[in-house]
Amino acid sequence: LGLFGSPAQEVKNFDDKARVGLAATVALKGPAFVQVGGTSTLKIALAGNKLTTQIEAQTCAGTGTNCPVSKAAWRVDVGNNSAFGAVLPSTFLLQPIVSQVSTPGGQRILVAGGASVPLPKSGDSRTAEAMLCEIEPGKADCISSNSFMKAKRAGAAVGCIGETKDDCKRVLIVGGRLSNNVPLAEIYDAEADTFEAVDVTGTAIPASLHGGTLLNADLGAFLLLGATSKPMFLDPSGAGASADIAPLRIKVETSADKTTLTFLPVDLAGFAGADGGKRSLATAVSLDDGSALLIGGLGPNNQPLADALVIGGDGVATSRVTLDVARFAAGAARISTVGPLKGCALLAGGLTLDKGKLAALNHVEVYCPSSP
């Protein structure tokens with residue numbers, strides 16, 4: 001119908017686990033998803049050109065009775081209005097790597113890395129530990145993986161190599177590393193339960209890479225959109241990151257003995273604009289034709305942007321489209337079910353500036369690709 005249900009649906013047994021700030025979600029078959037972690041409180045401030053991003057989780061020390069960060073890996077089924085799950089055996093984690101994987105024992109949720117909270121006043125609490133969670137009707141449990149990541153990471157970009165998300169045996173993990181002396185990227189092999197470092201080459205390799213969204217492109221490649229050179233929310237002093245990494249195309253080449261990633265700049269053609277595609281806290285979503293949208297975000301001057309870049313699966317930008325409202329930190333999804341908006345992208349919420357002050361949005365926009 002193209003309409004929002006009213007009143008909003010409340011899922012049973014999920015209210016105290018629905019800490020959606022910075023949560024990681026994995027879409028499942030049907031009207032269901034898994035949510036891992038998340039927080040109920042965080043700070044985003046924009047004063048002039050200065051961005052502050054901060055986690056307020058001092059109460060997570062010790063038993064963390066009043067910790068706003070969730071330790072849950074929770075399955076939410078909107079279809080039957082139910083939710084259940086498991087508590088992670090590790091400490092409270094911020095921005096872990098999360099992906100559905102196909103193991104010899106069946107479908108699992110990989111939870112790797114992340115930063116322990118409360119964040120230390122000095123140093124860094126990122127980890128390389130990993131666990132596998134089984135969250136199925138009648139069974140919900142998380143156990144440690146047999147291996148650690150090659151690098152301590154949090155806030156990395158994650159994608160599935162080759163297979164679909166429902167049959168993912170090799171997970172690509174890019175960025176989010178604690179140190180530049182460790183691999184920029186690695187792969188989790190779900191069949192062997194091991195992590196392997198990958199070789200990196202190309203003309204656009206960032207020295208430091210955090211966040212962003214990995215979207216499958218054509219010819220065995222990914223688009224990496226909305227990444228930054230500095231970690232966001234991981235610095236207890238609250239320093240934000242400027243948008244200084246332009247969109248990237250990452251080609252994956254696999255031989256018998258190794259995997260190589262080739263980092264190349266996206267060809268923005270005549271659509272570079274003033275920001276050059278560099279934007280933080282942007283939203284990225286793929287479309288049915290293999291192209292992608294990089295929507296809104298904060299530009300290099302940390303001001304909200306009111307447009308979106310359309311980038312083809314071949315890594316060439318094809319247009320810029322104007323948004324009705326400038327925004328960042330919004331949500332977006334491709335509409336894949338039947339109805340008048342099938343194949344379109346839905347953009348909802350986020351933050352904007354209203355008379356110089358940050359304001360939350362309930363505004364919704366829809367982008368529909370042109371018909372052939």
Side-chain angles (χ1 to χ4, degrees), residues 95 97 99 112-113 126 149-162 168 170-189 195-232 241-255 257-269 271-273 275-286 290-294 297 299-300 309-318:
Q95 296 181 333
I97 290 93
S99 175
R126 273 177 271 194
M149 287 193 297
K150 298 299 182 182
K152 295 180 178 181
R153 303 179 192 269
V158 182
C160 185
I161 296 177
C168 185
R170 302 184 77 216
V171 179
L172 177 61
I173 303 167
V174 180
R177 57 184 175 172
L178 172 59
S179 167
N180 288 355
N181 295 323
V182 295
L184 176 62
E186 57 187 286
I187 290 173
Y188 174 71
D189 185 324
F195 291 90
E196 60 184 84
V198 297
D199 294 336
V200 174
T201 185
T203 60
I205 305 173
S208 182
L209 176 66
H210 299 274
T213 303
L214 270 180
L215 299 173
N216 286 92
D218 59 5
L219 302 175
F222 289 89
L223 294 174
L224 178 58
L225 308 177
T228 63
S229 65
K230 298 177 183 177
M232 306 187 80
S242 60
D244 52 6
I245 295 183
L248 296 169
R249 187 172 188 269
I250 304 175
K251 185 172 177 57
V252 181
E253 299 170 288
T254 302
S255 65
D257 58 345
K258 66 176 182 178
T259 300
T260 301
L261 303 183
T262 302
F263 282 69
L264 299 170
V266 163
D267 183 359
L268 297 178
F271 306 104
D275 58 90
K278 300 175 182 178
R279 44 185 77 191
S280 59
L281 292 176
T283 307
V285 63
S286 59
S291 62
L293 286 174
L294 176 58
L309 272 168
V310 183
I311 302 172
D314 58 356
V316 179
T318 57

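Because the structure is predicted, anything quoted here is derived from the model rather than measured. Hydrogens, waters and symmetry mates play no part in the numbers below; they use all other heavy atoms, side chains included.
Screening Leu223, Leu224, Leu248 against Leu214 for a side-chain contact (heavy atoms from CB on, under 4.5 Å) leaves a single residue, Leu224.
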Report the C-alpha separation of Phe263 and Thr201 in whole Å, then their side-chain angles, then the decisive distance to 0.1 Å, and conclude whether the side chain to side chain contact (heavy atoms under 4.5 Å, CB included) test is met.
CA-CA 6 Å; Phe263 282 69; Thr201 185; over 6 Å; no

Checking Arg153 against Gln95 for the side chain to side chain contact (heavy atoms under 4.5 Å, CB included) test, could you report, in this order, the C-alpha distance in whole Å, the side-chain angles of both residues, the deciding distance, and whether it holds?
CA-CA 9 Å; Arg153 303 179 192 269; Gln95 296 181 333; over 6 Å; no

Salt bridge (Lys or Arg N to Asp or Glu O under 4.0 Å) between Arg249 and Asp218: does it pass, once the steps are laid out?
CA-CA 10 Å; Arg249 187 172 188 269; Asp218 59 5; 3.0 Å; yes

Thr262 and Glu253: CA distance, side-chain angles, deciding distance, side-chain hydrogen bond (donor to acceptor under 3.5 Å, both in side chains) verdict
CA-CA 8 Å; Thr262 302; Glu253 299 170 288; 3.2 Å; yes

Hey, mind stepping through Val158 and Val171 against side chain to side chain contact (heavy atoms under 4.5 Å, CB included) and telling me if it holds?
CA-CA 7 Å; Val158 182; Val171 179; 3.5 Å; yes

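Between Glu196 atom CD and Lys150 atom NZ the span is 8.5 Å, to the nearest 0.5 Å. Here Cys160 contributes atom SG and Asn216 contributes atom CG; the two are 7.0 Å apart, rounded to the nearest 0.5 Å. Taken to the nearest 0.5 Å, the NZ atom of Lys278 stands 10.0 Å off from the OG atom of Ser229. Remark: Leu294 CG to Leu309 CG distance equals 5.5 Å, nearest 0.5 Å.
Counting only heavy atoms from C-beta outward, the side chains of Lys251 and Leu261 never approach each other to under 4.5 Å. Put simply, the side chain of Thr259 reaches to within 4.5 Å of the side chain of Val252, judged on heavy atoms. The shortest side-chain heavy-atom distance between Phe222 and Ile161 falls under the 4.5 Å cut-off. Within the 4.5 Å cutoff, side-chain heavy atoms of Pro265 are placed close to those of Thr203. In this structure, Arg279 and Leu225 have side chains that are not in contact, with every pair of non-hydrogen atoms separated by 4.5 Å or more. Side-chain contact check for Val174 versus Glu186: every heavy-atom pair is 4.5 Å or farther apart. Residues Val316 and Ile311 are not in side-chain contact: their nearest non-hydrogen atoms beyond the backbone lie 4.5 Å or more apart. The closest side-chain heavy-atom distance from Met149 to Ile173 is below 4.5 Å.
The nearest pair of heavy atoms linking Ala157 to Gly212 is CB-O, 3.9 Å. Residues Gly276 and Pro247 share a closest heavy-atom pair of O-CD, 4.0 Å. Scanning both residues, Ser208 and Ile245, for their nearest heavy atoms gives O-CD1, 3.5 Å. Residues Val285 and Leu215 share a closest heavy-atom pair of C-CD1, 3.7 Å. For the residue pair Ala156 and Gly175, the shortest heavy atom distance occurs at CB-O, 3.3 Å. The heavy-atom pair separating Ile97 from Gly113 by the smallest distance is CD1-CA, 4.4 Å.
In terms of modelled atom types and a separation under 3.5 Å, the side chain of Arg126 and the main chain of Gly176 share a donor-acceptor contact. Between the Arg177 side chain and the Val182 main chain, a donor and an acceptor come within less than 3.5 Å of each other.
Within a 6.0 Å radius of NZ in Lys230, no more than 12 heavy atoms belonging to other residues, nucleotides or ligands are found.
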